[in-house]
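Here the structure comes first, spelled out in structure tokens, and everything after it is commentary.
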There are 2 protein chains.
Amino acid sequence: MPKSQIDQIDRKILTRLQKDGRIANNDLAEAVGLSPSPCLRRVKALEESGLIRTYVALVDPAMVELPVNVFVSVTLEKQVEERLDSFEAAIRQRPEVLECYLMTGEADYLLRVVVPDLAAYEQFLKTHLTRIAGVASIKSSFALKQVRYETALPLHHLAV
Amino acid sequence: MPKSQIDQIDRKILTRLQKDGRIANNDLAEAVGLSPSPCLRRVKALEESGLIRTYVALVDPAMVELPVNVFVSVTLEKQVEERLDSFEAAIRQRPEVLECYLMTGEADYLLRVVVPDLAAYEQFLKTHLTRIAGVASIKSSFALKQVRYETALPLHHLAV
DNA sequence: GCCTTATTAGCATAATCTGCCAAAATCATA
DNA sequence: TATGATTTTGGCAGATTATGCTAATAAGGC
């Protein structure tokens with residue numbers, strides 16, 4: 001891979017698009033100090049390289065009645081590769097699981113689950129999580145408040 | 001507030017925009033079964049109500065050299081309101097902290113921190129996290145792999 | 001210093017957005 | 001069930017924005 005060298009202008013573009021994914025190309029161009037044409041070319045290149053994965057709308061969780069964040073530590077019975085894959089496949093089916101990480105240390109997986117209320121979480125546990133083959137133990141931790149939620153990655157370390 | 005009643009069409013719009021924030025209004029309108037004009041009107045209303053918070057570009061963490069996810073459990077010395085606020089203010093200053101939750105149970109806060117490598121995480125710990133006033137204990141858990149990362153909230157429960 | 005290559009600016013065309021008005025649908029009330 | 005008021009919709013027109021093309025500029029190698 002030729003690494004395609006992300007320069008300062010690309011970094012500015014990414015930082016801006018991570019904040020406002022719908023900024024008009026003209027405005028983006030002005031913000032990064034280019035004319036619209038080469039600016040658009042760079043954006044397209046970043047999209048095609050896969051560096052920009054996608055554009056999304058972010059919805060306010062409270063306003064769609066999803067105020068409850070639960071972090072779930074899951075341990076599997078045996079760490080067989082096959083089991084990991086089937087667990088991950090099962091997790092990917094559930095839309096309320098917004099994040100899932102394979103972890104070092106005690107637990108095998110850490111999930112972030114979003115639900116309308118505790119009843120819905122209980123439902124999720126009983127109907128789905130405990131029914132996944134190989135799940136040995138589950139520990140739930142509830143968030144009282146979402147203090148911060150960012151999707152923009154910090155790009156300072158790319159400065160050349 | 002009259003609650004403005006989210007109907008099935010709004011739900012379709014939100015679901016679509018959560019997947020593709022840059023879809024053309026014409027295409028969105030067709031997808032949800034409206035003509036462009038009322039579709040755009042609904043989108044604007046959703047934006048102005050704050051239900052759609054913003055639009056962002058999602059960047060691939062690996063491609064910008066940010067492969068390391070760390071979950072950090074932080075306990076404060078005393079749970080004084082003032083301390084919580086100052087801790088949260090300090091956390092909001094750090095761009096590598098993408099998520100922060102006030103938790104029930106043992107730890108006070110759970111953070112998700114994204115860094116290029118372990119050295120950068122050590123730097124973050126020593127230079128920033130341990131220097132925040134009131135921090136009593138820190139426990140770091142490293143993710144081996146990001147199995148799933150979604151920004152789209154599940155909206156099935158809004159079905160009327 | 002010259003030539004090659006890559007990147008840029010500006011313009012013209014095409015696509016898209018968005019406000020306005022009449023028509024259709026919905027709803028409450030009698 | 002009929003009626004009228006209110007809300008929502010569809011289609012059109014003007015304005016904005018995106019995007020491909022070409023020439024000019026800048027960067028890099030020899």
Side-chain angles (χ1 to χ4, degrees), chain A residues 1-60 63-65 151-152 155 158-160, chain B residues 1-60 63-65 151-152 155-160:
Chain A
M1 204 184 289
K3 207 179 177 182
S4 77
Q5 226 19 359
I6 291 165
D7 63 11
Q8 291 293 59
I9 295 181
D10 285 333
R11 202 163 64 89
K12 280 188 190 176
I13 290 176
L14 290 173
T15 301
R16 209 77 206 325
L17 285 177
Q18 282 194 124
K19 268 193 283 195
D20 179 4
R22 271 202 161 176
I23 186 174
N25 184 58
N26 285 358
D27 299 340
L28 178 62
E30 190 180 10
V32 303
L34 280 180
S35 76
S37 180
C39 181
L40 183 66
R41 195 132 24 91
R42 280 169 178 265
V43 172
K44 292 289 175 211
L46 291 169
E47 288 169 9
E48 272 167 34
S49 74
L51 207 146
I52 294 178
R53 280 207 296 121
T54 175
Y55 299 87
V56 300
L58 296 183
V59 169
D60 186 304
M63 293 191 76
V64 290
E65 297 163 53
T151 56
L155 302 179
L158 293 179
V160 185
Chain B
M1 205 185 289
K3 205 178 178 183
S4 75
Q5 225 22 356
I6 290 167
D7 62 12
Q8 292 293 59
I9 295 181
D10 285 333
R11 204 164 63 89
K12 278 189 190 174
I13 290 176
L14 290 173
T15 300
R16 210 77 198 348
L17 284 177
Q18 281 193 127
K19 268 192 284 194
D20 179 4
R22 269 201 163 177
I23 186 174
N25 183 58
N26 286 0
D27 299 341
L28 178 62
E30 189 180 8
V32 303
L34 281 180
S35 75
S37 179
C39 180
L40 183 66
R41 198 132 19 92
R42 280 169 178 266
V43 172
K44 293 288 173 209
L46 291 169
E47 289 169 8
E48 272 167 34
S49 73
L51 207 146
I52 295 178
R53 280 206 298 120
T54 175
Y55 299 87
V56 299
L58 296 183
V59 170
D60 186 304
M63 293 191 76
V64 291
E65 297 163 53
T151 56
L155 302 178
H156 311 286
H157 63 292
L158 294 179
V160 185

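Keep in mind that this is a model prediction, so the values were computed, not measured. We use all heavy atoms of the structure for the numbers below, so side chains are in, but hydrogens, waters and symmetry mates are not. Letters A, B, ... mirror the listed sequences (proteins, then strands); counts begin at 1.
Taking all atoms of both residues into account, the shortest heavy-atom contact from A/T151 to A/Q18 is O-OE1, 4.0 Å. In this structure, A/V64 and B/L158 approach most closely via the heavy-atom pair O-CD2, 3.9 Å. In this structure, B/I23 and A/R22 approach most closely via the heavy-atom pair O-NH2, 3.6 Å.
Annotation: side chain to side chain contact (heavy atoms under 4.5 Å, CB included) contacts of A/D60 (sequence neighbours excluded): A/A62, A/M63, B/R53. Residues meeting the side chain to side chain contact (heavy atoms under 4.5 Å, CB included) test with A/N26, sequence neighbours left out: A/P36.
The stretch residues 21-33 of chain A has no heavy atom under 4.0 Å from DNA chain C, so no residue of it qualifies as close.
Atom CD1 of A/I13 and atom CG of A/L51 lie 11.0 Å apart (nearest 0.5 Å). Atom CD of A/E65 and atom CG of B/L155 lie 10.5 Å apart (nearest 0.5 Å).
In this entry the distance linking CG of B/L34 with P of D/dG11 reads 11 Å, nearest Å. Between the C1' atom of D/dT17 and the CG atom of A/D20 lies a distance of 15 Å, rounded to the nearest Å. Across the protein-nucleic acid pair, B/D7 atom CG and C/dT26 atom C1' stand 13 Å apart, rounded to whole Å. One atom, CG of A/L40, and another, C1' of C/dT16, lie 14 Å apart when rounded to the nearest Å.
The shortest distance between the side-chain N/O atoms of B/K44 and the OP1/OP2 oxygens of C/dG19 is not below 4.0 Å. In this model, the phosphate group of C/dT7 is not approached by any side-chain N or O of A/R42 to a distance below 4.0 Å at OP1 or OP2.
Residue pairs that meet the side chain to side chain donor-acceptor pair (under 3.5 Å) test with at least one member in residues 29-48 of chain B, sequence neighbours left out, are B/D7-B/R42, B/D10-B/R42, B/E47-B/Y55.
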**Report entry** Per-nucleotide protein contact string for nucleotides 20-25 of chain C, where B marks a base within reach and S marks sugar-phosphate only (heavy atoms under 4.0 Å, - for neither)
**Finding:** B-----
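Comparing the start and finish of the helix from C/dG1-D/dC30 to C/dA30-D/dT1, five pairs each, the helix axis swings through 50°, to the nearest 10 degrees.
In this structure, A/R16 contributes its side chain and A/L28 its backbone to no donor-acceptor pair below 3.5 Å.
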Requested in this report: Apply the test side-chain contact (heavy atoms from CB on, under 4.5 Å) to residues B/D20 and A/T54: give CA-CA distance (whole Å), side-chain angles for both, the deciding distance (0.1 Å), then the verdict.
Outcome: CA-CA 7 Å; B/D20 179 4; A/T54 175; 5.5 Å; no
Query raised in the report: Given A/L46 and A/L17, is the side-chain contact (heavy atoms from CB on, under 4.5 Å) satisfied, shown in steps?
Result: CA-CA 11 Å; A/L46 291 169; A/L17 285 177; 5.8 Å; no
